[in-house]
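Below is one structure, written out as structure tokens; comments come after it.
Treat the numbers as computed from the prediction; the structure is a model and nothing was measured.
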Amino acid sequence: MFKRVFLLLCLISLSHVVFGFSIKGVNFVENKSGTKVTVIHDSDKPLHYSVIANDERLFVVEVEGISNINGEVPIINTEEVTSFNVEPVDNNLRFTFLLKNGVKAKVINKNRTLSFIFYPVKNKTFIKSVDVEDVLDNLTLVKFACNKKPYYTVEKDKSVVTMVLHNVSLAKGISDVKGVSIRQLGDDVVVKVKRDVEHLSTRVKFVNNRLLLYVGEQVQAAEKTTPDEVTGGNEPQYAFLTKTIAGGQKKYVGEKIGLIDIKDIDIRDLLRYIADFAGLNLIVDSSVQGTATYRFKNIPWDQALDIILKDKGLGSELQNGVLRVATLDKFRKEAEERRKLKEEKELSVDTQTIAKSLSYAKAKDAEPILKSFLSKRGQIIVDERTNTVIITDIPKKIPPILEMIDLLDRANTQVLIEARIVETKKVFAKEIGIQWGFTGIYDSSLGTQTGMSFPNTIRVGGTVNPADGSIGAIGSGYAVNLPAVNTTSSLGLMLGNVLGSFSLDMVLSAMENEGMGRILSRPHVVAQNNKTAVIESGARIPIQTIQNNTVTVKYINASLKLEVTPQITAEGTIIMDLNVKKEEPDWTHTVQGNPTIITRNANTEVLVKDGGTTVIGGIFQVNDQNSNDYVPGLHNIPLLSWLFKHKLQSSENNELLIFITPKIVK
């Protein structure tokens, strides 16, 4: 794991009159291979320096042109460097490093940066083998098999890339491979790759103990860091800039910078440092001005660049390894100028006129779509009588318009939609009842008497009239009148004596009924793709109302109706927007002579395979009833309770199912 720390001395900003440069800050990076300390300056040439001391533990360098320093000195304590100090000495700036045992130091002096590299001698990287592979015609891959990641620096000079692997030793027998120069120079290995390309680009990766060096014209395509409306054009991009992924989020792939802590640094110097860190060529437009104050910790360099550009209102574009930074306003102006120039060139040619007759589509309906393809000089005339469009435009616009006409002027696929409305009804009823009564007469005329003066005559009997349930005279009705209402069978019994002074009448009635019904309604209609079709059959029922002595007649539909809009998908399935309705009058239930309307309706949207059938809805109703009528108290007599009660049991089941079957007409 790399541990990178970036500390920038924001207050070291004094410039020297003679050399004309200033120190912007100090950056140090620590990893397992060693420590690199970089002095950032604004000179276009390497600095003048001298090594004052380089013994086992002490390494001292003086940089000419700086006499004093204001601000804090960063604390450096790594595996190689124990302490670090910066101090002015006789108009020079002295850098003092206290090293640990067995550590060597090197100096790399470049434009804008002066770097010190510290690495342990005994902890060398060992390169086992080197292989060179031509990945593409313009891309070379150099692969180093090693025991651990080495510390390296990469420089480009026209057509030659030089990689220096520090504190590294080569295995015996390794030499130049396929034109790639490999040399052991002291504790370093120098690798040179020559490629004759217009824009030389490099990238380095370390994967599974393999150091990979890519050298070529273009490493890998990637997304632009600036939106199209700002940059314009379709220039090739590079992999080490921000990539755009789904959802508009960005994936940053650059190497991480441990810490950036700067204050009031010139934004152009900061951009130069980031470009140097990423190995990119840089062009900063003169419109980029201002200072920067940032603190970033452990983020990829391309994310830091993206944040800085957004914060300062800047945009960027990468072309063949060259990063160009300018204000968004300048990018917009450039894009607008390119667009206008391109448009003016296109419109400067002579126009062309064509006439195209349509077979299936209506020219009037196609006109709004075709107008969107016209240039500023184009126009469309529609002749509805012949269903023809007459197009006048520049020659470049004519082919796409004709192609669009061919796409629109096609026979619309038709769909046959069949609906089945199935209604089932099952009814069961069972009823049992009893009627009985008696008549008893004690009268001397019948030879029966009580033998008392009072009561001398007695009449006893049922009084409930069997016809209407009213109470009548004794001897004209039943004592218990609980018959089956919808009688289908009955049994009567009458008992009496010779004199007729006593009689017993009994009627047992029963009913059992079972019925089943089924109604099938099957409307079907053919509809074009994405067109609504309706089929309806039924009656219009007049409803009469009277208000303020005015008679009004309004007609209400009671019909079977299927309304559908099909849409055929690319997979051959069919999406249907359905409205299935069945309405019928119920003359058994009326209000002021007007019938109620029984409605069965389904409104939905479904997806069905071609020729498949689906159930879009169903209603299941169950009505179970049990009814018992009793003679109070007497119905509880054991064994004889059936003589004093009436029992009714009924069950009614109603079920409604709606099926839909679409078929593409071929």
Worksheet item: Is the shortest side-chain N to carboxylate O distance from K143 to E133 below 4.0 Å?
Response: yes

Discussion item. For D393, give me all partners under salt bridge (charged side-chain N to carboxylate O under 4.0 Å, His left out), at least two apart in sequence or on another chain.
Written reply: none

Item to complete: Could you tell me whether the side chain of N209 reaches within less than 4.5 Å of the side chain of N147, counting heavy atoms only?
Response: no

Discussion item. The test is side-chain hydrogen bond (donor to acceptor under 3.5 Å, both in side chains); show your working for K148 and T125 and say whether it passes.
Written reply: CA-CA 6 Å; K148 66 185 185 69; T125 301; 3.2 Å; yes

Practice prompt. Compare all side-chain heavy atoms of V191 with those of V164 and state whether any distance is below 4.5 angstrom.
Written response: no

Practice prompt. To the nearest 0.5 Å, tell me how far I394 CD1 sits from K345 NZ.
Written response: 14.0 Å

Worksheet item: So, the side chain of T78 versus the backbone of E80: is there a donor-acceptor pair under 3.5 Å, distance only?
Response: yes

Fill in: Side chain K397, main chain L374, donor-acceptor under 3.5 Å
no

Worksheet item: Taking the six-membered ring for Trp, are F118 and F59 ring centroids under 6.0 Å apart?
Response: yes

Item to complete: Applying side-chain contact (heavy atoms from CB on, under 4.5 Å), run through R94 and V60 and close with a yes or a no.
Response: CA-CA 7 Å; R94 177 177 294 178; V60 182; 3.6 Å; yes

Practice prompt. Using the side-chain contact (heavy atoms from CB on, under 4.5 Å) rule, take V61 and I52 through it: C-alpha gap first, then chi angles, then the decisive distance, then the call.
Written response: CA-CA 6 Å; V61 174; I52 305 302; over 6 Å; no

Worksheet entry | Reported OG1-to-CG distance for the pair T573 and D610, which is rounded to 0.5 angstrom | 9.5 Å

Item to complete: Please report the closest heavy-atom contact between V130 and F144, naming both atoms and the distance.
Response: CG2-CD2, 3.6 Å

Fill in: Test item: V193 and T202 side chains (from C-beta on) under 4.5 Å apart, heavy atoms
no

Discussion item. Salt bridge check, R183 against D176: does any charged N sit closer than 4.0 Å to a carboxylate O?
Written reply: yes

Worksheet item: Of all residues at least two apart in sequence or in a different chain, which pass the salt bridge (charged side-chain N to carboxylate O under 4.0 Å, His left out) check with K110?
Response: D276

Worksheet item: Can you tell me how far CZ of F116 sits from CG of N109, rounded to the nearest 0.5 angstrom?
Response: 8.5 Å

Worksheet item: Checking R57 side chain against L98 main chain: does a donor-acceptor pair fall under 3.5 Å?
Response: no

Fill in: Donor-acceptor contact present, side-chain Q303 to main-chain L305, <3.5 Å
no

Discussion item. Please check if the number of heavy atoms outside K100 that lie under 6.0 Å from its NZ is greater than 12.
Written reply: yes

Fill in: Polar side chain donor-acceptor pair, K194 to S159, under 3.5 angstrom
no

Worksheet item: Donor-acceptor pair, K312 side chain versus T291 backbone, under 3.5 Å?
Response: yes

Worksheet item: Distance from E64 atom CD to E62 atom CD, nearest 0.5 Å?
Response: 8.5 Å

Worksheet item: Do E155 and I108 have side chains that get closer than 4.5 Å, going by heavy atoms?
Response: yes

Worksheet item: So, for D55 and L58, which heavy atoms are closest and what is the spacing to 0.1 Å?
Response: OD1-N, 2.6 Å

Fill in: N281 side chain to L323 backbone, donor-acceptor under 3.5 Å
no

Discussion item. Any salt bridge linking K340 with E343? Criterion: basic side-chain nitrogen under 4.0 Å from a carboxylate oxygen.
Written reply: no

Worksheet item: Do V63 and L114 come close enough that some side-chain heavy atom pair is under 4.5 Å?
Response: yes

Fill in: Any N529 side-chain heavy atom under 4.5 Å of Q567 side chain
yes

Practice prompt. Please tell me if the side chains of V103 and Y119 come closer than 4.5 Å, counting only heavy atoms from C-beta onward.
Written response: no

Item to complete: Please name the pair of heavy atoms, one in I174 and one in I127, separated by the smallest distance, quoted to 0.1 Å.
Response: CD1-O, 3.7 Å

Worksheet item: Using a distance-only test with no angle check, is there a side-chain donor-acceptor pair under 3.5 angstrom linking S287 and D285?
Response: yes

Worksheet item: Should L347 and E344 count as side-chain neighbours, where that means a heavy-atom distance under 4.5 Å?
Response: no

Worksheet item: In terms of side-chain heavy atoms, does S316 have a donor or acceptor partner in R324 at a distance below 3.5 Å?
Response: no

Discussion item. Walk me through whether R210 and V207 qualify under side-chain contact (heavy atoms from CB on, under 4.5 Å).
Written reply: CA-CA 5 Å; R210 285 183 177 271; V207 181; 5.6 Å; no

Worksheet item: For the atom pair CD1 (I117) and CG (D187), what is the distance rounded to the nearest 0.5 Å?
Response: 12.0 Å

Item to complete: Taking atom types as modelled, find out whether N92 and Y49 have a side-chain donor-acceptor pair closer than 3.5 angstrom.
Response: no

Practice prompt. Please step through side-chain contact (heavy atoms from CB on, under 4.5 Å) for the pair I267 and I265, ending with a clear verdict.
Written response: CA-CA 6 Å; I267 186 65; I265 190 173; over 6 Å; no

Discussion item. I'd like to know whether CD of E403 has more than 12 heavy-atom contacts from other residues, nucleotides or ligands below 6.0 angstrom.
Written reply: no

Response to the item:
On a heavy-atom basis, the closest approach of F331 and E317 is CE2-CD, 3.7 Å

Worksheet entry | Spacing of L213 atom CG and F206 atom CZ [to the nearest 0.5 Å] | 14.0 Å

Worksheet item: Considering all heavy atoms of both residues, which atom of A171 and which atom of K128 are nearest to each other, and what is their separation?
Response: CB-O, 3.6 Å

Worksheet item: If you take all heavy atoms of L408 and L370, which pair is closest and at what distance?
Response: CD1-CD2, 4.4 Å

Worksheet item: With distance as the sole test, does N85 use its side chain to make a donor-acceptor pair with the main-chain N or O of T96 at under 3.5 Å?
Response: no

